[in-house]
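We use all heavy atoms of the structure for the numbers below, so side chains are in, but hydrogens, waters and symmetry mates are not.
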Amino acid sequence: MLTISEHLWGIVLAGGEGKRLQRFIRSRYHSDCPKQYCAFTGTRSMLRHTIDRAERVVVPHRLLIIVNRPHLPYAQEEFRDRPLGTIIIQPCNRETVAGILLPLLHIYHRDPAAVVCIFPSDHFILEEDRFIDYVKSAALVTGCHGLHVLLGADPDRPEAGYGWIEVGENIGLQQGEELYRVRKFVEKPNIEVSEALYLKRCLWNTLVLVGRVETLLELFQELIPEVFGPFQRIRRALGSAREEEAVREVYARLPTENFSRAILQRSPQHLGVLRMEGVYWSDWGEEERIQSDLARFRPRPQELATST
């Protein structure tokens with residue numbers, strides 16, 4: 001009998017433009033390098049940190065990385081050791097719906113029974129061992145319950161720049177962790193709403209999501225057929241000489257859609273959440289968060305030497 005690990009795949013989201021950080025990166029690096037290719041701490045870029053972290057649970061040949069073609073000059077060094085077929089290139093950034101759907105189609109084409117872990121490439125995580133344990137638990141829970149399982153971070157402040165998860169029914173102890181249903185998902189609310197969610201002990205959405213490829217694709221088909229439909233041209237062309245042309249033609253007319261708003265916010269009944277305890281997590285999408293974390297956790301020289 002096959003185990004979950006034999007069907008476990010990963011997607012690293014590296015297609016963002018990082019516009020909010022452009023001024024900071026220019027002042028720090030004198031470059032227009034997208035944030036995921038920058039090394040804000042140590043010598044590894046955020047993308048490399050994410051790849052190394054993900055490979056602790058997903059084998060390299062089943063870890064797909066979605067990138068934008070204009071970013072390839074920045075990406076060459078990062079991908080020097082990647083197995084063939086694991087770099088998925090999109091012509092341009094069309095936000096996270098397209099950035100997730102395209103590699104999902106590749107995974108389904110190769111393994112229709114796959115369980116998929118989604119890893120954004122701009123996260124700062126301190127307790128990586130404990131984080132990986134939560135990812136493993138989410139993969140096992142997905143296999144048992146059929147839910148798409150999010151990892152939720154305990155907030156330490158109201159934050160209008162994050163998505164929020166309102167925790168619902170306690171399903172019970174799963175793989176040593178409490179699993180909850182998602183009652184409601186709120187993407188980047190205003191400060192008044194985020195204050196209310198904080199007081200209700202809601203969780204930050206990390207966008208680290210684990211689910212079965214087949215049921216994830218069904219959600220795309222149900223909730224955003226205007227995107228899913230055109231992607232069927234790509235699906236039919238996968239592995240053929242027409243694949244690159246099909247991707248280019250579809251992306252040229254593709255609407256820009258955010259995965260959290262288009263999918264998660266509209267399908268809480270299909271979502272479970274594991275509350276991450278003992279894990280410091282931050283989305284490094286804004287200069288203030290990076291500066292704050294660097295000031296708070298900047299390693300001493302001897303620590304830095306062992307973490308690179």
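- For Glu244, the CD atom is loosely surrounded, since the number of other residues' heavy atoms within 6.0 Å does not exceed 12.
- With sequence neighbours excluded, the residues satisfying ring-ring contact (aromatic ring centres under 6.0 Å, His included) with Tyr280 are Phe297.
- For the residue pair Glu78/Ser45, the side-chain donor-acceptor check at 3.5 Å is satisfied.
- With hydrogens and angles ignored, the 3.5 Å screen pairs no side-chain donor or acceptor of Ser292 with any backbone N or O of Glu288.
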Check residues 229-241 and write down every donor-acceptor pair under 3.5 Å in which the side-chain atom is one partner and the other belongs to a residue at least two apart or another chain.
residue, atom, partner, partner atom, Å
Gln232, OE1, Arg235, NH1, 3.1
Gln232, NE2, Phe228, O, 3.0
Arg233, NH2, Glu249, OE1, 2.4
Ser240, OG, Ala237, O, 2.6
Ser240, OG, Arg242, N, 3.2

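- Among pairs with a residue in residues 22-34, those fulfilling salt bridge (Lys or Arg N to Asp or Glu O under 4.0 Å) read Arg23-Glu287, Arg26-Asp32, at least two apart in sequence or across chains.
- Using a cut-off of 4.0 Å between Lys/Arg side-chain N and Asp/Glu carboxylate O, Glu214 and Arg212 are scored as not salt-bridged.
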Show which side-chain atoms of residues 85-93 pair as donor or acceptor with protein atoms under 3.5 Å away, not counting sequence neighbours.
residue, atom, partner, partner atom, Å
Thr86, OG1, Pro83, O, 2.6
Gln90, OE1, Tyr251, OH, 2.7
Gln90, NE2, Asn68, OD1, 2.7
Asn93, OD1, Glu95, N, 2.9

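- The distance from atom CD of Gln36 to atom CG of Asp122, rounded to the nearest 0.5 Å, is 7.5 Å.
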Can you give me every donor-acceptor pair (side chain of residues 50-59, partner residue at least two apart or in another chain, under 3.5 Å) with its distance?
residue, atom, partner, partner atom, Å
Thr50, OG1, Met46, O, 2.9
Asp52, OD1, Arg48, NE, 3.4
Asp52, OD2, Arg44, NH1, 2.9
Arg53, NE, Glu128, OE2, 2.9
Arg53, NH2, Glu128, OE2, 3.1
Glu55, OE2, Arg82, NH1, 2.5
Glu55, OE2, Arg82, NH2, 3.0
Arg56, NH1, Asp129, OD1, 3.4
Arg56, NH2, Asp129, OD1, 2.1

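- No more than 12 heavy atoms of other residues, nucleotides or ligands sit less than 6.0 Å from atom CZ of Arg201.
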Identify every side-chain donor-acceptor pair in residues 255-263 under 3.5 Å, counting partners at least two apart or on other chains, and give the distances.
residue, atom, partner, partner atom, Å
Asn258, OD1, Ser260, N, 3.0
Asn258, OD1, Arg261, N, 3.0

